[in-house]
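A short worksheet on the structure shown next.
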Number of protein chains: 2
Amino acid sequence: MSARPRFREQVLQAREDAIVASVNRLLAEKGFEAMTVDEVVADVGIAKASLYKHFTSKEELAAAAMVKVLDRALDEITRLQAEPLDALGRLQAVARWTYAQQLAGQMPSLPAQNSTLRTALTTDKAYMERLMQLTDGLGAWIVEAQGQGALDATLPPELVLYTLFARACDPVLGVMRAGGAYSDAQIVDWLVRTCFRGLGS
Amino acid sequence: MSARPRFREQVLQAREDAIVASVNRLLAEKGFEAMTVDEVVADVGIAKASLYKHFTSKEELAAAAMVKVLDRALDEITRLQAEPLDALGRLQAVARWTYAQQLAGQMPSLPAQNSTLRTALTTDKAYMERLMQLTDGLGAWIVEAQGQGALDATLPPELVLYTLFARACDPVLGVMRAGGAYSDAQIVDWLVRTCFRGLGS
DNA sequence: GTCTATAAAAGGATAGAC
DNA sequence: GTCTATCCTTTTATAGAC
């Protein structure tokens, strides 16, 4: 019952933020399975037992990182709502933002298939809440763009949604950059272009 | 030095095939990291030590499965060369085949990021040989399609190649099927369509 | 809450009998 | 070559002192 608990709280919060930042980076770099808790604590510079005071499991650790990513995405969506863009322009901006995040090593790659993490995430309230917010917000834009004839209205909105984010899960971006022949901006442009207009001419 | 070694050889070959088939399925289902050798031997119904007489490591096991997948893909390419199709039609057929394989649970998903498996694969002669064959064959079709104006000629052929196969790495297909609202054929159609013509109308 | 030290379990790989 | 039994490393998670 200290008279000034705020400072201590801030220190703890800062440490948690540092942990989540490390997790986010490692998750983007090697994925959930390959990331070890030992790596995380080594990166942050704390003892493992300390980490487990903040997060009770590796899954919860990853969930915290995912929550933060979703928060960043929701912030971006809010920001875009103030821009003078139509629905299609906003969706393209979201796609661009996503690929840029991935290029910056900020986009965690989750196991696409069944795993302990998947089930942990679906029962994580904070995660699911944000995920639904994101789905609702983008879903509205998609339907709007389809209504305006800017997106193929015969495609189910959910397919459009998943396709938008699919590139964040596949290795194309990383492989293209590994080649070293093209700039990051060029690669992102191509990805946005092929996402919305396909490979055809 | 038995007089009739053929029968025994066939039995061994059949066992190896059973192992590779299991690996292929598990690799498609959960990925390399999440798949355990214990699961494989349980699935095949043999002892772990027996498996290690055939394959010296988990990586080699996965490589064998990948070689088989590439062989199937090369067979498909050979088959398509006999079809009365133009370059674009052949590429679309390859895409369709790939997505169908994934839907059938036959397309192993490899870790996109660095891992022990990646390095093992790049030093696997059988794997690299087939990979280059595949790349060459498809690369020729891509350049041809671009020359005919059927594909955007401003895109690097390698980007086109990776994009074609990217959907085999992302979760869209699986998630769409999990929804249960659409037939497999419908989903594959949509994926091929969005790959070549994008989300726009 | 943070640390050191350690438990507990999983998973890759092998020894040795048959 | 196949089996049982085992080794050994890695990794998740916790006990207990400060």
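None of the values given here were measured: they were computed from a predicted structure. In what follows, every chain begins at residue 1, and chains take the letters A, B, ... in the order their sequences are listed.
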Problem set entry | Proximity to the side chain of B:S57 - top-ranked nucleotide from C:dG11, D:dA13, C:dA13 |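 From the listed options, C:dA13 comes nearest.
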Nucleotide [N], atom [atom2] - distance to [atom1] of [X] in whole Å:
X	N	atom1	atom2	answer
B:M35	C:dA10	CE	P	18 Å
B:K58	D:dT10	NZ	C1'	13 Å
B:F32	C:dG11	CZ	P	13 Å
B:L117	C:dG11	CG	C1'	16 Å
A:E33	C:dA10	CD	C1'	13 Å
B:D38	C:dT14	CG	C1'	14 Å

Point to revise | Test: A:D75 and A:R72 ion pair at under 4.0 Å | key: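 Judged by the 4.0 Å cut-off on N to carboxylate O distance, A:D75 and A:R72 do not form a salt bridge.
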- Salt bridge between A:D152 and B:R197, side-chain N to carboxylate O under 4.0 Å?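 Salt bridge absent between A:D152 and B:R197.
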- [ ] Please check if the side chain of B:R90 supplies one atom and the backbone of B:E83 the other of a donor-acceptor pair under 3.5 Å.
- [x]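 Yes: the side chain of B:R90 pairs with the backbone of B:E83.
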Exercise. Do any N or O atoms from the side chain of B:Q146 and from the backbone of B:L155 form a donor-acceptor pair under 3.5 angstrom?
Worked result: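 A pair under 3.5 Å: yes.
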Member of A:Q102, A:Q101, A:M66, A:E29 meeting the side chain to side chain contact (heavy atoms under 4.5 Å, CB included) criterion with A:P108:
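That would be A:M66.
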Pairs under 3.5 angstrom, nitrogen or oxygen only, protein versus nucleotides 2-5 of chain C, please.
unit_1, atom_1, unit_2, atom_2, d
C:dT2, OP1, A:R15, NH1, 3.3
C:dT2, OP2, A:H54, NE2, 3.0
C:dT2, O5', A:R15, NH1, 3.4
C:dC3, OP2, A:A47, N, 2.8
C:dC3, OP2, A:S50, OG, 2.6

Scan residues 19-26 of chain A against DNA chain D and write down, sorted by residue number, each residue with any heavy atom closer than 4.0 Å; if none is found, say none.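 Nothing qualifies; none.
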Side-chain contact, heavy-atom cut-off 4.5 Å: [X] with [Y]?
X	Y	result
B:L80	B:W141	yes
A:P156	B:W190	yes
B:D170	A:F165	no

Please find the pair of heavy atoms, one from B:M128 and one from B:L121, that lie closest to each other, and give the distance.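 Closest heavy-atom pair between B:M128 and B:L121: CG-O, 3.6 Å.
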- Message: Please tell me if B:Y52 has a side-chain N or O lying less than 4.0 Å from either OP1 or OP2 of C:dA13.
- Response: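 So the side-chain polar atoms of B:Y52 do come within 4.0 Å of the phosphate oxygens OP1 or OP2 of C:dA13, strictly under.
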